[in-house]
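Here the structure is a predicted model, which is why all the values come from computation and not from measurement. Naming convention: chains lettered A, B, ... in sequence-line order (proteins, then strands); numbering from 1 in each chain. Both backbone and side-chain heavy atoms feed into the values below; hydrogens, waters and symmetry mates do not.
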Amino acid sequence: MDRRGFFRILSATSAGALAGGCGRNSEKLIPLLVPDHEIVPGEEQWHPAVCTECGAGCGTLVRVMEAVRTVERNGEQVRQPIAAVKKVEGNPLDPVSGGRLCARGQATVQALYHPDRLRGPMKRTGDRGQAQFAAITWDEALALASDAIAKARAVNPGGIVALTRPLLSNRSLALQRFMEALGAPPPVVCSIADLAVERKAAEMAFGWKGLPVYDLANANFALGVGADFLGGWASPVYYARQFGNFRQGRREVRGTLVQAESRLSITAASADRWLPLRPGSEPQFLAAVGRMLLDLRLARNPEHLPPAVLSAFQSADVRANLASCGLPENRVRDLVQALGESEAPLVLGGASIVQTNSLAAIVASHCVNLMLGNVGRKGGVLPPAGPPSAGFSGSPAHEAMKGARVVLLDAVNPAYTLPPASGVLDALSRAGMVIGLSGFVDDSSAFADLLLPAHHALESELAVVPAVSPQPAVSIGMPFVEPLYDTRAPETVFSGLARSLKLEYQPVTSKEVVEPFLSAGTSFEDAARQGGAWSGSSKSSQAKSGGQAIDFAAAAFDGDATYPMQFQPYLSLQFHDGRGSNLPWLQELPDPASSAIWGLPVEIDPATAKMLRVANGDIVRVQSPHGGIDAPAYIHPGAVPGVVSMAVGDGHAHYGRFASGRGANPLSILAPVWEKSTGALALGATRVRLARVGSRRDWIQFSAPDREERDFGHR
Amino acid sequence: MEHRWGMAIDLDRCTGCEACVVACHAENNLPVSNPEQAAEGRTAHWIRVDRYYQGEFPDVKVKYMPVLCQQCDNAPCEPVCPVYATYHNPEGLNVQVYNRCVGTFYCANNCPYTVRYFNWFAPEWPEPLELQHNPDVAVRMGGVMEKCTFCIQRIKRAKEDAAQEKRPLADGEVQPACVQSCPAEAMVFGDLDDPQSKVSRLAANGRATRLLEELGTKPKVFYLERAK
Amino acid sequence: MASTPELLPYQRIREDLFRPLSGISRAYALTTAVAFVVGAAGLIAWGYQLRRGMGVTGLGRPVFWGFYIVDFVFWIGISHAGTLISAILRLTNAAWRKPVTRAAEAITVFALMIGGMFPIIHLGRAWLFYWLLPYPNSRLLWPNFRSPLLWDLTAIVTYMTGSVIYLYLPLIPDMAQLAEHNTPWRRKFYRALSLGWTGSDRQWHALERAMKLMACLILAVAVSVHTVVAWDFAMALAPMWHSTIFGPYFVAGAIFSGIAALILVMAALRKVLRLESYLTRRHFDNLARLLLLMSLLWLYFTVSENLTVWYGNDPKEMAVFGARTRAHYAPYFWTMVVLNFVIPFVVLGIRRLRTIANTAIAAGCVVVGMWLERFVIVVPTLANPRLASASGSYAPTWVEGAITAATFAAMVMLYMIFSKLFPIIAVWEFKPHEQEDE
Ligand SMILES: Nc1nc2c(c(=O)[nH]1)N[C@H]1C(S)=C(S)[C@@H](COP(=O)(O)OP(=O)(O)OC[C@H]3O[C@@H](n4cnc5c(=O)[nH]c(N)nc54)[C@H](O)[C@@H]3O)O[C@H]1N2
Ligand SMILES: Nc1nc2c(c(=O)[nH]1)N[C@H]1C(S)=C(S)[C@@H](COP(=O)(O)OP(=O)(O)OC[C@H]3O[C@@H](n4cnc5c(=O)[nH]c(N)nc54)[C@H](O)[C@@H]3O)O[C@H]1N2
Ligand code: SF4
Ligand code: SF4
Ligand code: SF4
Ligand code: SF4
Ligand code: SF4
Ligand SMILES: [Mo]
């Protein structure tokens with residue numbers, strides 16, 4: 001960790017001591033000729049916290065200084081100095097972020113000071129979905145909530161459903177315990193980014209609980225299959241750091257990355273070689289790779305493989321498989337050779353775009369790693385560090401909601417992330433009572449009867465267990481700014497409800513979440529002060545192979561021949577699963593594929609575009625058996641022919657002024673097809689057809705040219 | 001002069017993730033635009049990640065390249081400014097005095113890298129977004145030009161810290177916001193006059209090139225090309 | 001070689017030329033009113049721009065210069081009508097120039113007044129324009145003389161001063177005459193302005209010498225002014241701006257558009273003020289030949305500018321060249337070629353067609369064509385900067401349109417007023433006993 005980070009931690013920890021900042025006698029009184037209303041006295045302070053914008057749970061350092069807030073006090077505008085968050089950076093001590101942060105993590109401060117944040121609890125006044133609410137007091141709100149829950153519980157506790165996000169924290173624990181106390185089923189994870197298939201595969205292949213850790217930084221030759229690990233996958237910051245060092249962090253070796261993916265993701269873009277796969281052909285590809293390794297005698301210890309698996313690979317037909325991937329054999333063979341011959345080979349298998357057969361794909365990737373003998377080794381696949389994380393229940397959210405009497409929405413947006421074809425919308429409108437805990441009125445809280453807005457993460461006490469970490473880790477954030485509005489931490493809401501419901505409920509403290517991670521001699525307070533507990537060594541559970549055979553089945557797709565194209569919505573760099581799209585900084589962040597800002601396009605390959613007579617920016621209709629969306633077309637030079645991709649993030653019915661009504665939601669036309677073993681939504685399982693509907697609407701590209709050399713046709 | 005600040009950007013590390021872009025927005029109080037203004041090419045991005053496609057499917061490659069003010073030693077934007085609102089400071093930075101700028105646009109036209117951004121209107125932040133403003137950085141008024149400053153406020157702070165502790169500034173102690181944020185650690189900032197500094201060593205690397213070097217602008221940003 | 005007007009009796013000439021100064025025709029009133037309204041609209045637009053900010057224009061990144069700079073270069077170009085032409089003709093003693101010179105010199109002064117506004121109008125903080133002036137101030141701040149904009153400022157101010165003097169000198173004898181018997185206030189007005197001119201030999205000699213001297217000076221200044229304007233672009237590193245040919249190219253273009261403007265104005269005056277017997281076919285014919293000559297010269301410059309770029313085939317410059325000739329800006333480019341060369345060449349090249357009306361039409365084409373030329377020079381370069389990813393485009397807004405239109409209205413209005421205060425043709429030059437400096 002760099003000295004600067006060190007000094008900051010000091011200034012943060014001694015924050016209490018240096019009241020008003022007399023600790024650092026050189027302190028900026030007035031910055032260079034800023035206008036008077038901008039004069040901000042006071043010393044900067046850095047506080048550790050946790051990012052909750054995605055499941056990676058990066059540890060952060062937050063810069064706090066005074067700001068002047070104008071508040072309405074009995075009729076007149078009063079200017080009131082408050083401690084305000086200025087910037088969010090990574091916590092250098094945190095093994096996940098290592099002091100760095102992704103775009104979304106840094107933008108979270110705009111969610112904190114978002115003009116459309118909910119100011120306090122509210123009650124529905126209009127119809128469901130209309131998003132008309134009236135402010136009420138917390139007492140009223142809790143009263144309403146508790147007797148709704150009480151009634152439901154009286155009939156059948158099973159009728160109380162909680163949807164939550166894939167983020168393991170004191171908050172998720174509190175929810176779990178609350179549901180337990182109610183005798184209701186455990187919270188159901190409702191997300192397109194919960195990596196359920198990856199977890200399942202790790203368990204099947206290695207008996208690991210949690211996500212495997214890929215030691216990319218120490219690998220020499222890496223083959224990525226279906227895992228956009230630099231984009232919106234398991235832990236973007238962690239793997240970006242790994243990637244940097246993989247490439248240029250070692251004097252003697254420069255890591256080589258080959259990425260096999262059905263999209264030219266930023267991972268594929270950063271790779272030395274991209275192998276464009278047909279959607280859903282990942283298992284076939286890996287089967288072929290395994291078979292080639294065996295044929296080339298480069299499988300170092302095939303005996304590590306369960307015989308069933310081994311024979312599955314041996315019976316794979318390389319040419320046929322690669323043909324189904326859309327790859328010529330000669331393009332692949334030398335790469336497999338290089339992989340096999342590398343001193344530190346690594347296969348990163350994932351399902352950024354879940355298919356019905358993704359489980360087979362990821363299991364296969366693990367098996368190939370077993371062949372290459374890198375499991376549990378430096379530069380290979382490492383077991384998840386630390387105590388096995390209590391897994392998330394997998395029953396699909398829309399199922400869970402059917403016939404629910406009370407639905408608790410904890411930082412999830414099912415109305416947006418689940419396709420209407422799954423019946424999510426009428427599940428929401430039918431439910432006896434819907435309670436939203438989100439800080440914003442989003443697509444789903446629009447259906448809520450009660451809004452119990454939560455604090456922003458930066459206003460809350462949080463202990464988060466990162467999804468991926470090289471060593472046992474928990475990141476801790478203590479509140480250091482006053483809540484801006486009349487919001488409440490869900491934990492307190494749950495205890496409040498438990499009290500009025502007279503439940504056996506033991507409130508969750510972040511302390512108890514942190515305890516198992518504390519190394520001897522360190523207290524919770526020490527951990528909190530540095531922003532987390534990271535015990536050095538990983539208690540590595542040795543891989544014991546699951547042993548069942550893999551069937552390299554082809555992926556199933558919904559839609560007949562009249563829907564000739566395959567459609568793949570993907571988690572975008574800017575908006576992740578759509579939660580980022582209410583932040584202006586992210587709306588203004590050029591899309592890495594199309595350079596679009598303030599709106600996302602559909603990505604179409606040049607041949608298809610020519611056939612449809614579509615030019616950049618023309619509006620096309622993407623029609624599936626389950627619905628259609630209109631969006632501007634981007635003719636993507638790297639799009640796989642016949643495959644239509646679109647980033648997730650646009651098309652919110654409600655989500656504040658910067659997102660509401662902008663663009664279209666690709667998830668809204670998906671077929672209700674699920675990955676069997678996990679119930680994860682199969683993002684890539686829907687077929688569509690395209691039609692040019694529109695006159696050229698001017699979409700906004702930050703930078704129009706795709707090519708560095710401009711021909712005469714340009715502009 | 002005490003220092004000569006420069007930056008090295010390793011394109012072999014850069015993933016095009018644009019964390020640096022948001023970092024700059026957050027650090028330097030860049031005004032947020034709206035779709036209408038953005039459509040007119042009026043967003044402010046002191047650093048942008050240029051992306052170019054190369055080759056044809058299936059052998060498509062993508063080139064990501066973060067482009068910020070190159071802090072040219074021989075800056076074409078400077079001589080053309082009629083009021084000295086943009087000038088060279090003793091540490092080789094191309095600095096912008098907002099108070100002094102009258103908005104002729106000439107500097108922007110003469111910047112070969114097109115990294116200068118103009119305040120087309122007086123900037124506005126919907127309440128309470130402005131609470132996030134960095135007090136170390138002036139909020140620019142309408143009608144003036146602005147651009148990357150190499151986070152001069154951070155340089156100043158680091159110097160003060162060092163001065164307080166009566167020690168020389170350590171290499172890597174000054175970190176502009178973009179450099180600080182970069183997850184791939186693709187960016188390195190430091191003193192080009194110190195041969196031992198990381199940035200000096202990277203600038204001497206065989207892969208190091210400078211953007212539009214042929215124009216003789218002597219940029220102080222070095223790009224380490226992607227290894228083949 | 002005597003021209004028709006010399007054959008008329010001086011009394012008649014006097015009356016003909018002084019008549020327009022008194023009385024206001026409906027046509028006159030109407031034109032002035034319309035011009036005033038359009039001008040006022042322009043002022044309102046500018047006020048709006050000052051209040052809201054430059055965002056009300058179509059400018060953006062990377063096209064930071066648009067209509068305003070185009071108008072600026074255009075009007076400075078027009079200003080070369082007068083001075084240059086009248087100066088050249090004076091120095092070459094072309095006797096036919098007599099009825100032409102003053103109209104031309106007036107154009108110069110007005111075009112400069114208008115063109116000089118644009119560097120201010122296009123400022124992001126126009127109210128601070130005076131910071132560009134080298135005036136002693138408490139902060140000991142001086143403008144940057146390395147900036148071509150400062151050279152511009154200097155050149156234009158000099159040119160303005162020169163042109164005013166140059167217009168003023170030949171007015172003195174006429175104003176002295178006008179001061180003789182006239183309405184009271186006019187008498188005062190002209191007496192004051194004629195600086196006690198009595199017409200003594202000494203005064204005549206002084207005047208002649210002064211005018212000769214000014215003619216030489218103004219020529220030099222005029223050439224330098226448009227060269228400096230060209231350097232605003234040529235000094236920049238931008239593709240297809242950074243060109244050695246720009247100085248002479250712009251000067252030629254300026255004279256070209258200047259002559260065209262002069263022809264238009266003369267045709268108008270001839271009709272409105274009934275000066276058929278003074279502004280004769282012969283004058284138009286001579287100017288038409290000049291215009292034709294300049295058209296060829298312009299073509300020569302345009303070809304050599306673009307041909308060298310095309311042959312050199314530098315990718316950055318070719319991006320601009322392509323945008324100009326084949327892509328987005330091709331319509332403007334080729335229209336410009338037609339208006340500046342094809343039409344004038346045909347209409348003025350064939351003697352039969354070289355009627356006054358046709359000459360005026362050709363001149364009109366050239367004026368528009370030269371405005372387009374400026375547009376084609378300014379915008380495509382900015383829209384296609386060196387780094388492809390920064391490319392952009394430009395579409396002006398009503399504000400820029402209104403302000404541009406207003407400048408033409410301003411020209412008309414100023415001219416109308418001028419023609420009411422001063423004889424548009426130098427009367428004294430026809431005085432028979434006056435020594436022609438043959
Ligand atoms: N772009 C631009 N640059 C300018 C100017 C401009 O208008 N525009 N103005 C110029 C002018 S006029 C001036 S005066 C300078 C001002 O430039 P500086 O002198 O840098 O003024 P500040 O940054 O306001 O204050 C300097 C530092 O003094 C520290 N300080 C404050 N109080 C104390 C104290 O009691 N003890 C100690 N030891 N330190 C203290 C603060 O931490 C602050 O960081 O800027 C000059 N630079
Ligand atoms: N909020 C705040 N107030 C401060 C300070 C601060 O840091 N912050 N610093 C204090 C200090 S140290 C100083 S020295 C004073 C300085 O205070 P001021 O003297 O006000 O300094 P500026 O605001 O930089 O300059 C004043 C005005 O001069 C204008 N100007 C620039 N060039 C020219 C020019 O050529 N001609 C004319 N006429 N005007 C021009 C600028 O646009 C600005 O609006 O401010 C003091 N007050
Ligand atoms: S990766 Fe996820 S947790 Fe880490 S900073 Fe980005 S959004 Fe936050
Ligand atoms: S943050 Fe780093 S890796 Fe990401 S785009 Fe910027 S320079 Fe590249
Ligand atoms: S990059 Fe552009 S703005 Fe920066 S110094 Fe060079 S010329 Fe000036
Ligand atoms: S815009 Fe401002 S900084 Fe740029 S040249 Fe004009 S006055 Fe100078
Ligand atoms: S150095 Fe600072 S100002 Fe420049 S781009 Fe990076 S963050 Fe922005
Ligand atoms: Mo000062």
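With sequence neighbours excluded, no residue forms a side chain to side chain donor-acceptor pair (under 3.5 Å) with A:Ser703. Checked against ring pair (Phe, Tyr, Trp, His ring centres under 6.0 Å), A:Phe658 has the following partners two or more places apart in sequence or in another chain: A:His114.
Heavy atoms of A:Arg63 lying under 4.5 Å from chain B belong exclusively to its side chain. Contacts between A:Leu112 and chain B at a heavy-atom distance below 4.5 Å are absent for every atom of the residue. At a 4.5 Å heavy-atom cutoff, B:Arg140 makes no contact with chain A through either its backbone or its side chain. With a threshold of 4.5 angstrom between heavy atoms, A:Arg104 does not approach chain B through any atom at all. Heavy atoms closer than 4.5 Å to chain B are found in both the backbone and the side chain of A:Pro592. At a 4.5 Å heavy-atom cutoff, A:Tyr238 makes no contact with chain B through either its backbone or its side chain. For A:Val640, the parts sitting under 4.5 Å from any heavy atom of chain B are the backbone and the side chain alike. Of the two parts of A:Asn245, the backbone and the side chain both hold a non-hydrogen atom closer than 4.5 Å to a non-hydrogen atom of chain B. With a threshold of 4.5 angstrom between heavy atoms, A:Ala268 does not approach chain B through any atom at all. The contact between A:Leu101 and chain B is made entirely by backbone atoms, counting heavy-atom distances below 4.5 Å. For a residue to count as touching a neighbouring chain, one of its non-hydrogen atoms must lie under 4.5 Å from one of that chain's; by this rule A:Arg69 touches chain B with backbone and side chain alike. Looking at A:Leu327, neither its backbone nor its side chain comes within 4.5 Å of chain B, counting heavy atoms on both sides. Only the backbone of A:Val85 has a heavy atom closer than 4.5 Å to any heavy atom of chain B.
A salt bridge links B:Arg51 and A:Asp706; the closest N-O separation between the charged side-chain nitrogens and carboxylate oxygens is under 4.0 Å.
B:Glu185 places a side-chain heavy atom less than 4.5 Å from the side chain of A:Arg241. Side-chain atoms of B:Pro135 and A:Met65, non-hydrogen and from C-beta on, do get closer than 4.5 Å to each other. Between A:Pro637 and B:Glu56, every side-chain heavy-atom pair lies at or beyond the 4.5 Å cut-off.
Nearest heavy atom pair, residue A:Gly99 against residue B:Gln180, reads O-NE2, 2.8 Å. Between B:Ala177 and A:Lys87, the closest heavy-atom pair is CB-CE, 3.9 Å. A:Arg100 and B:Ser181 make their closest contact through CB-O, 3.4 Å (heavy atoms, listed as atom of the first residue, atom of the second, distance). Nearest approach of B:Leu129 to A:Pro584, heavy atoms of both residues: CD1-CG, 4.2 Å. A:Gln248 and B:Ala227 make their closest contact through NE2-CB, 4.3 Å (heavy atoms, listed as atom of the first residue, atom of the second, distance). Contact record, B:Gly55 with A:Arg707: O-NH1, 2.9 Å, taken as the closest heavy-atom pair.
Proximity of a side-chain donor or acceptor of B:Tyr53 to a complementary backbone N or O of A:Ala593 within less than 3.5 Å is detected. For the pair B:Lys61 (side chain) and A:Ala269 (backbone), a donor-acceptor distance under 3.5 Å is absent. Panel note: side chain B:His45, backbone A:Glu588; a donor-acceptor pair is recorded below 3.5 Å. No donor-acceptor pair closer than 3.5 Å links the side chain of A:Glu708 to the backbone N or O of B:Tyr52.
At a heavy-atom cut-off of under 4.5 Å, chain A is reached by B:Pro31, B:Val32, B:Ser33, B:Asn34, B:Pro35, B:Ala38, B:Ala39 from residues 31-42 of chain B, listed in order of number. Contact residues of residues 12-28 of chain B toward chain A are B:Asp12, B:Arg13, B:Cys14, B:Thr15, B:Gly16, B:Cys17, B:Glu18, B:Ala19, B:Val21, B:Val22, B:Ala23, B:His25, B:Ala26, B:Glu27 (heavy-atom distance under 4.5 Å).
Taking CG of A:Asp605 as the start and CZ of B:Phe57 as the end, the distance is 8.0 Å to the nearest 0.5 Å. Atom OH of A:Tyr113 and atom CD of B:Glu127 lie 12.5 Å apart (nearest 0.5 Å).
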(request) List the steps, then state whether salt bridge (charged side-chain N to carboxylate O under 4.0 Å, His left out) holds for B:Asp59 with A:Arg331. (result) CA-CA 11 Å; B:Asp59 294 308; A:Arg331 280 174 63 85; 3.0 Å; yes
